[in-house]
> 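Please find one structure pasted underneath; my questions will follow.
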Amino acid sequence: MFAKLKQSSQLFKLTYRTCQPIQISSKNYGVVTSEKDDLFLRRDKTSKAMKAYIDRAQQHDEFMQKQREEFEIGKRHLANMMGEDAILYEDQEKIDEAIQYLMPSALYDKRARPMMKPPEKVFPGRKAAEFDETGRPYSFLFYTGKPNFFQLLYDAVEHLNALNKFEDEMIRQQKTVDLAFKLELTGSEWISQNQLELKLVESIQPVEHRYFINTMNRLAEHPYSYRVKEFIEQYRKPLMNQQIIFDIPKPQLDQDGRFFITVYECLRKRARGDVTVRSPGTGKISINGQPITYFENDQSREQISPQKKYNSHCSIKRYE
Amino acid sequence: MLLLKNILQLTKFSPTILIKNYSQYAPHYIDPIFKKQEQDNLIQSGEVSKIAFLPIKAARNNDTSSVFHDHRVSRMVNYIMKGGRKDLARKLMSETFERIKRIQIERYHKSKTDEERSKLILNPVQILHMAIENCRPVLMVTPIRRGGVKYQVPVPISEKSSYYRACKWLVEASREHDRKTHLPEKMAFELLDASNNTGRVVKRKQDLHRLCEANRAYAHYRWN
């Protein structure tokens with residue numbers, strides 16, 4: 001038994017001493033790798049939505065690039081056709097004139113007529129990538145569905161709060177608003193819903209547009225709103241001055257040396273008249289050679305007679 | 001969707017887009033200012049800059065810059081007018097004024113004391129103004145249905161509406177009763193009475209006020 005033990009212990013010692021750690025050659029138990037499979041793996045991580053998004057973005061970019069190139073070449077062709085220098089056709093107005101000349105159109109809607117414009121103006125804009133590869137959105141407002149719109153409102157309110165803070169400071173320093181700096185809002189109006197849609201590259205509902213206007217009005221009516229002038233001006237559209245639109249005719253000299261103005265085709269219903277007003281006047285009124293009694297109606301007479309006091313001789317030719 | 005709901009609630013109180021009364025004009029068009037005095041006032045106060053950029057509607061035929069033009073008179077002529085016969089309506093109005101003038105002159109010459117004479121108003125346009133002012137109601141009643149019953153609930157009346165009602169009542173009173181007497185005669189008497197705060201039209205206004213007072217208890221029905 002002793003011998004057996006000894007034997008076993010010897011065996012144990014033998015094994016212990018000689019028992020080196022088993023040298024196992026490191027083997028890669030993972031999947032067999034090749035380049036093609038690598039890509040397949042990586043793509044598998046991205047969702048289908050992401051894949052579609054990337055594809056669309058690529059396609060759009062390629063398309064716009066192609067259109068841009070075509071437009072650039074087209075400008076040169078156009079210059080060639082018109083027999084003019086290519087440099088002139090960098091100006092969009094020149095291009096419009098040339099297209100109008102080459103392809104005259106009497107279509108009512110101007111958008112239906114042939115046009116040649118840079119691709120950014122013709123094709124609707126697209127937003128840049130809103131989220132990264134992993135699908136994480138860049139904007140904290142992404143999940144509102146309209147990040148640009150709500151970002152705009154957020155900015156407006158931020159500005160308003162800043163202005164309020166500034167106003168408090170001014171009051172603390174006992175300073176009043178300088179009225180000379182106050183924003184002039186009479187000559188402009190807020191951009192329309194369509195324009196806002198184009199600007200933000202998002203669809204805007206009428207309700208949202210109204211809300212936007214109310215917010216901006218709140219901001220613009222602040223006494224210190226001039227401090228955020230650039231922000232407000234972005235969303236203002238200038239109105240046309242009525243005086244500039246309405247062409248006032250210039251007075252001409254008569255044979256007798258009196259100034260006169262004749263306005264042709266004055267109309268009311270089916271009546272047409274030419275009105276002549278002479279400057280150093282007698283106050284006489286003649287209508288088709290007759291005095292004011294041409295009009296039997298008192299009301300019609302009243303419409304003309306007050307003009308007598310403007311020191312003019314008025315003659316109206318009336319024909320049906 | 002929640003966000004939109006909140007927006008809707010907020011925008012209920014400040015609508016910026018409204019098409020009123022099926023007008024041919026867009027809402028931002030302003031009424032023409034045809035009186036020289038009003039134009040000068042606007043220029044002086046500096047309010048011209050606000051309307052300089054706004055398009056103006058075409059001037060109406062009955063709005064003139066004449067000295068004889070009066071807004072209330074032209075409105076009254078419109079209320080008298082029937083079937084678009086403006087010339088007839090104007091004629092009736094001028095006859096009414098003539099009658100008023102004659103009556104007042106008669107009274108003037110018949111009066112014995114200077115005090116009486118000074119109190120008499122000879123200008124028929126002024127009498128029209130006074131008559132309309134005296135006939136204007138302050139409240140009106142609207143029928144509101146609650147629990148199957150229609151109550152006459154007193155509600156406030158706008159300035160425009162009150163002027164309309166006053167003119168309408170005067171014209172109605174002038175058209176009633178005696179069909180053989182022409183409108184100018186009846187109208188002259190109605191206007192003179194109303195300017196003195198007496199007569200049928202003023203009574204009608206007072207009856208309305210009494211009704212409003214009686215139905216005071218239902219006033220809260222206006223807001224449910």
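Naming convention: chains lettered A, B, ... in sequence-line order (proteins, then strands); numbering from 1 in each chain.
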> Quick check against the 3.5 Å criterion: does Q303(A) have a side-chain atom that pairs as donor or acceptor with the backbone of N61(B)?
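Side chain of Q303(A) to backbone of N61(B), a donor-acceptor pair under 3.5 Å: yes, one is there.
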> Pairs under 3.5 angstrom only: tabulate donor-acceptor contacts from the side chains of residues 122-130 of chain B to other protein residues two or more places apart or in another chain.
unit_1: N123(B); atom_1: OD1; unit_2: V125(B); atom_2: N; d: 3.2
unit_1: H129(B); atom_1: NE2; unit_2: D70(B); atom_2: OD1; d: 3.2
unit_1: H129(B); atom_1: NE2; unit_2: D70(B); atom_2: OD2; d: 2.9

> Spell out the residues in residues 79-98 of chain B that have some non-hydrogen atom less than 4.5 Å away from a non-hydrogen atom of chain A, in order of number; otherwise answer 'none'.
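The list, in residue order, reads K86(B), D87(B), R90(B).
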> In terms of heavy-atom pairs under 4.5 Å, which option from S66(B), A59(B), A58(B) contacts chain A the most?
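When all of S66(B), A59(B), A58(B) are compared, S66(B) has the most.
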> Counting heavy-atom pairs under 4.5 Å to chain B, which of E184(A), R268(A), E189(A) comes out on top?
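The option with the most such pairs is R268(A).
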> More than 12 foreign heavy atoms under 6.0 Å from NZ of K165(A): is that the case here?
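Counting neighbours around NZ of K165(A), 12 or fewer heavy atoms of other residues, nucleotides or ligands fall under 6.0 Å, so no.
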> Out of N62(B), T64(B), D63(B), which one pairs with E302(A) under the side-chain contact (heavy atoms from CB on, under 4.5 Å) rule?
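Filter result, single survivor: T64(B).
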> Please check if the number of heavy atoms outside R60(B) that lie under 6.0 Å from its CZ is greater than 12.
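Atom CZ in R60(B) is not crowded, with 12 or fewer foreign heavy atoms closer than 6.0 Å.
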> Tell me which pairs pass salt bridge (Lys or Arg N to Asp or Glu O under 4.0 Å) where either residue lies in residues 136-158 of chain A, with sequence neighbours left out.
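For residues 136-158 of chain A, and leaving out neighbouring residues, the salt bridge (Lys or Arg N to Asp or Glu O under 4.0 Å) pairs sorted by first residue read K146(A)-E208(A).
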> Would you mind listing every salt bridge (Lys or Arg N to Asp or Glu O under 4.0 Å) that reaches into residues 179-190 of chain B, with sequence neighbours excluded?
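Matches after skipping sequence neighbours: R99(B)-E185(B), E190(B)-R200(B).
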> Kindly check if the number of other-residue, nucleotide or ligand heavy atoms within 6.0 Å of CZ (F166(A)) is above 12?
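Counting other residues, nucleotides and ligands, CZ of F166(A) exceeds 12 neighbours.
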> Should we count CD of Q234(A) as having more than 12 external heavy atoms under 6.0 Å?
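Yes, enclosed.
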> Tell me whether the count of non-hydrogen atoms from other residues, nucleotides or ligands lying under 6.0 Å of CZ in R102(B) goes above 12.
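Counting other residues, nucleotides and ligands, CZ of R102(B) stays at 12 neighbours or fewer.
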